[in-house]
Amino acid sequence: LAAAVILSLLVIFQWSVFDKRLYGLRRIARSVGVDRVIGHVRRATDDADVVACAAAVRAASKDATRLRIVRLSGVADELLHTVVARSGVVASTISVSELSVTDLSETTTSWLIVAQRGTSHARELLRASDALAMSTGMRPRVLLVG
């Protein structure tokens with residue numbers, strides 16, 4: 001029994017240290033900063049989460065003429081479309097692999113990175129955030145879905 005408890009504690013420790021997928025806002029906040037996180041939408045039916053994140057998306061795009069959304073791996077499009085539609089903002093969505101130098105040179109664009117809970121990796125979030133910050137001079141905001 002003691003060996004089973006020790007083994008399960010070691011497995012949990014290994015999972016928490018080496019698994020770099022995004023499961024919550026805490027890891028995102030540590031990666032990009034607390035002021036960059038705009039929220040977490042669990043399901044499209046969670047009206048309170050959707051409305052709060054839609055308001056945050058609207059506020060994030062207020063100063064810019066365009067909103068560009070960068071999807072990390074595995075993002076559920078249904079949730080993303082629900083939040084954007086409720087925000088009333090016209091936005092274009094691209095994946096991380098579709099980012100180009102032309103996209104990164106747009107200075108009148110506000111950027112939002114969307115990560116999928118349990119699928120997207122912290123490494124991927126940092127790469128996208130750093131690329132946008134270095135090229136545009138602005139740090140993008142981050143939304144967690146799922």
Side-chain angles (χ1 to χ4, degrees), residues 4-104 106 109-146:
V5 169
I6 290 172
L7 183 61
S8 55
L9 287 174
L10 288 173
V11 167
I12 290 171
F13 174 74
Q14 182 269 338
W15 176 73
S16 65
V17 171
F18 296 110
D19 185 14
K20 298 301 181 191
R21 288 180 284 181
L22 301 170
Y23 288 101
L25 296 177
R26 187 176 300 143
R27 180 167 276 172
I28 293 173
R30 275 188 270 142
S31 298
V32 296
V34 174
D35 61 326
R36 299 284 101 195
V37 178
I38 65 170
H40 179 194
V41 179
R42 296 181 200 310
R43 291 179 295 279
T45 57
D46 288 342
D47 268 349
D49 287 348
V50 171
V51 169
C53 288
V57 167
R58 186 177 195 90
S61 65
K62 187 169 88 171
D63 298 333
T65 58
R66 294 179 61 192
L67 175 66
R68 297 292 301 262
I69 298 173
V70 179
R71 288 181 295 115
L72 299 185
S73 58
V75 170
D77 288 330
E78 176 191 342
L79 283 174
L80 180 58
H81 293 305
T82 301
V83 170
V84 172
R86 294 284 295 267
S87 71
V89 173
V90 176
S92 57
T93 305
I94 57 174
S95 68
V96 174
S97 60
E98 295 171 343
L99 272 176
S100 68
V101 175
T102 308
D103 294 327
L104 296 174
E106 296 177 16
T109 301
S110 183
W111 291 90
L112 175 66
I113 298 174
V114 179
Q116 177 71 35
R117 182 178 185 267
T119 306
S120 300
H121 290 269
R123 207 172 324 112
E124 186 179 30
L125 171 65
L126 281 175
R127 282 188 202 138
S129 178
D130 289 346
L132 291 169
M134 289 188 317
S135 62
T136 64
M138 300 173 4
R139 290 179 33 210
R141 298 189 187 277
V142 181
L143 173 66
L144 182 63
V145 295

Under a 3.5 Å distance rule, please check whether [X] uses its side chain to pair with a backbone N or O of [Y] as donor and acceptor.
{"X": "Ser129", "Y": "Leu125", "result": "no"}
{"X": "Arg58", "Y": "Ser87", "result": "yes"}
{"X": "Gln116", "Y": "Ser73", "result": "no"}

Within-4.5 Å side-chain heavy-atom neighbours: [X] and [Y]:
{"X": "Arg141", "Y": "Val37", "answer": "no"}
{"X": "Leu112", "Y": "Val70", "answer": "no"}
{"X": "Leu72", "Y": "Ile113", "answer": "yes"}

Distance from [X] atom [atom1] to [Y] atom [atom2], nearest 0.5 Å?
{"X": "Leu144", "Y": "Ile28", "atom1": "CG", "atom2": "CD1", "answer": "4.0 Å"}
{"X": "Leu25", "Y": "Arg117", "atom1": "CG", "atom2": "CZ", "answer": "9.5 Å"}
{"X": "His81", "Y": "Thr93", "atom1": "NE2", "atom2": "OG1", "answer": "6.0 Å"}
{"X": "His121", "Y": "Leu126", "atom1": "NE2", "atom2": "CG", "answer": "13.0 Å"}

Original post:
Do you know which two heavy atoms are closest between Trp111 and Leu132, and how far apart they sit?
Top reply: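 Of all heavy-atom pairs spanning Trp111 and Leu132, the closest is CD2-CD2, 3.5 Å.
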Original post:
Minimum heavy-atom separation for Val84 to Ala91, with atom names?
Top reply: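 Distance-wise, the nearest heavy atoms are CG1-CB, 4.2 Å.
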